Amino acid sequence: MENSVKNISNDKKDKFLYFFLFIIVFCIIQFSPSFLEILQPDSFSYINNSDYRKSLYSLIIQSLDFLNFDLFLFQKIILTSSLISIFYALRFQKIRFIYCFFFILIVSINAYYTSFTKTILTEALFFSFINFSIALFLLKERNSNFLYFLSGLSFGFLFSIKSVGMVLGLIFLLVLLIFQLRDKKFKSIIIIFTGFLIFPTTEYHYFYSKNKERSSVLPLSILGKIFIISGSDSFNYLKFPTESHELLDTASKISKGIKQSMESMKNPYLKFELSSDYEVLAQYQILKGEINKINEKYRKNSEVYKQKDHKVLLNEIGIIMLKEYPLEYAKISFSHYIGLWSMGAKQIFLENYLMKADKKLPFLEMIELSDNKYNSLDRLFQISVFVFFLFLFLFFSILTLFTFFVLIKTRNPKKDFLLELFIFSAQSYLIAIAFTNIAIPRYFIAIYPIIIVSLIMISDDLISFIKKKLY
């Protein structure tokens with residue numbers, strides 16, 4: 001009887017703690033500064049349900065508008081709930097309270113991370129369901145069919161909200177299914193699949209109710225990458241389709257000029273970030289005239305135009321690019337991978353470089369110093385943030401190598417490998433971004449909580465190990 005009363009008392013205390021933390025975190029998000037405007041360049045493509053975007057976010061916007069519920073309030077509530085769910089799951093894993101509190105603090109005070117709740121982009125919900133997925137894996141030991149259903153639902157949401165979300169959604173789904181197959185829980189597998197299919201099915205039907213066919217931003221990504229590769233001495237545009245020769249010849253001349261202007265640049269982080277900027281400029285501005293010329297030629301030949309446009313041509317260029325210039329493509333991808341970790345390098349180092357440089361950077365007036373509100377922050381703060389994320393890069397790289405070798409050495413089939421899963425999923429996501437997109441902070445920050453959780457788990461294990469050895 002006494003134990004029962006004590007358990008009820010503890011349960012009330014826990015509920016009060018989670019409610020109190022929810023209010024605190026929500027207030028931090030609500031009143032923290034935002035580094036983003038309400039409308040971003042990509043916002044309109046979601047509002048208008050463009051054919052190259054997943055339509056789930058557009059459906060959510062329309063649904064909330066119909067219910068007269070504020071989108072930004074909704075995003076703040078969901079993100080707050082997701083962070084509290086990780087706190088709860090870490091406590092369930094018997095992680096020390098101080099570490100759990102550190103997680104909540106270090107993530108919620110990251111104003112750039114929480115800024116996405118105050119803009120019309122998929123990121124806030126994408127971040128939230130990554131967090132829910134992590135929490136549900138940490139709670140897996142409960143063996144609850146309801147939690148398995150929620151897991152499938154969460155993975156399906158990641159799969160449906162953003163194209164790159166398919167990477168995390170499928171990894172999480174496959175790993176959880178492997179766990180269930182190992183334990184011969186076939187009923188759980190059906191429950192997980194049922195939850196997983198809900199959001200992709202909904203997105204599919206809503207998308208095709210608004211669009212005839214699905215497009216992609218991949219051709220633009222290819223254009224940016226071939227632009228950078230065309231600046232190398234070994235590049236030969238004659239290896240590509242005839243109708244692309246004028247485009248690639250122009251790209252090569254401009255790209256080589258950019259490469260020459262950056263030869264004296266010793267700072268790799270600044271160089272990597274500027275390389276990303278030039279890729280974006282090539283996609284949307286520098287080569288826009290050449291792309292229009294190609295489309296005009298196709299239109300004049302109506303038979304060809306029915307089967308081909310600049311997107312089809314760029315996909316063909318992408319295949320040849322991978323075949324003929326794999327090393328150059330790998331170098332670009334590596335620079336993007338490193339660039340994802342170097343927060344604010346351009347804001348910190350560019351001005352000083354321009355004062356000392358002997359050559360002017362081409363298209364300098366077109367290179368936007370992204371997030372102007374961030375530029376106004378104290379320089380010492382910017383440097384501190386930069387150093388902090390470089391520390392995370394060093395830590396996570398060492399942890400990745402360490403767990404990789406331990407995994408090969410131990411091969412314990414009964415272990416759930418949660419830490420290994422978090423590391424593998426985060427690295428897979430970053431590699432997918434590096435190979436298919438560019439290095440910008442908003443892509444990296446999605447897996448920021450996973451990195452912090454990994455840091456906490458390994459630190460807690462290390463302290464437990466040291467205590468066992470000492471006592």
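Worth saying up front: this structure is predicted, and the values here are computed from it rather than measured.
Although no hydrogens or angles enter the test, the distance criterion places a donor-acceptor pair under 3.5 Å between the side chain of Tyr112 and the main chain of Arg442. Checked by atom type and distance alone, the side chain of Ser255 pairs as donor or acceptor with a backbone atom of Phe227 at under 3.5 Å. Side-chain N or O atoms of Thr119 include none that pairs as donor or acceptor with a backbone N or O of Phe116 at under 3.5 Å. Using modelled atom types, no side-chain atom of Ser43 and backbone atom of Leu121 make a donor-acceptor pair closer than 3.5 Å. With hydrogens and angles disregarded, no donor-acceptor distance shorter than 3.5 Å links the side chain of Ser252 to the backbone of Asp249.
Using a 30° and 60° split on the angle between ring planes, Phe393 and Trp341 fall in the tilted class, from 30° to 60°.
Aromatic ring centres of Phe129 and Phe132 lie closer together than 6.0 Å. Between Phe349 and Tyr269, the ring centre distance reaches or exceeds 6.0 Å. Checked against the 6.0 Å centroid criterion, the rings of Tyr329 and Phe435 qualify as a close aromatic pair. Taking the six-membered ring for Trp and the full ring otherwise, the centers of Tyr448 and Phe444 sit at least 6.0 Å from each other.
No side-chain heavy atom of Phe103 sits under 4.5 Å from any side-chain heavy atom of Leu455. Side-chain atoms of Arg379 and Ile348, non-hydrogen and from C-beta on, do get closer than 4.5 Å to each other. In this structure the side chain of Pro449 never reaches within 4.5 angstrom of the side chain of Phe127, judged on heavy atoms. Considering only heavy atoms from C-beta on, Leu364 comes within 4.5 Å of Leu354 through its side chain. The shortest side-chain heavy-atom distance between Leu274 and Lys346 falls under the 4.5 Å cut-off. A heavy-atom distance below 4.5 Å is found between the side chains of Pro241 and Ile320.
A pairwise comparison of heavy atoms in Ile450 and Ile130 identifies CD1-CG2, 3.7 Å as the closest pair.
Residue Phe155 forms a ring-ring contact (aromatic ring centres under 6.0 Å, His included) with just one option from Phe199, Phe196, Phe137, and that option is Phe137.
Between the OG atom in Ser244 and the CD atom in Glu290 there is a gap of 11.5 Å [rounded to 0.5 Å]. Ser275 contributes atom OG, which lies 11.0 Å from atom CG of Leu270 (distance to the nearest 0.5 angstrom).
Screening residues 50-72 for salt bridge (charged side-chain N to carboxylate O under 4.0 Å, His left out) gives Asp42-Arg53 as the qualifying pairs, with residues at least two apart or on separate chains.
Surrounding CZ of Phe44 are at most 12 heavy atoms belonging to other residues, nucleotides or ligands under 6.0 Å away.
Defined by atom type and a distance below 3.5 Å, a donor-acceptor pair is missing between the side-chain atoms of Glu328 and Ser232. A donor-acceptor pair shorter than 3.5 Å cannot be found between the side chains of Ser221 and Thr436.
For Ser209, there are no side-chain hydrogen bond (donor to acceptor under 3.5 Å, both in side chains) partners two or more places apart in sequence or in a different chain. Applying the salt bridge (charged side-chain N to carboxylate O under 4.0 Å, His left out) rule to Glu296 yields the partners Arg299; only residues at least two apart in sequence or on another chain are considered.
The existence of a salt bridge linking Glu123 and Lys162 is confirmed by a sub-4.0 Å separation between a basic side-chain nitrogen and an acidic carboxylate oxygen.
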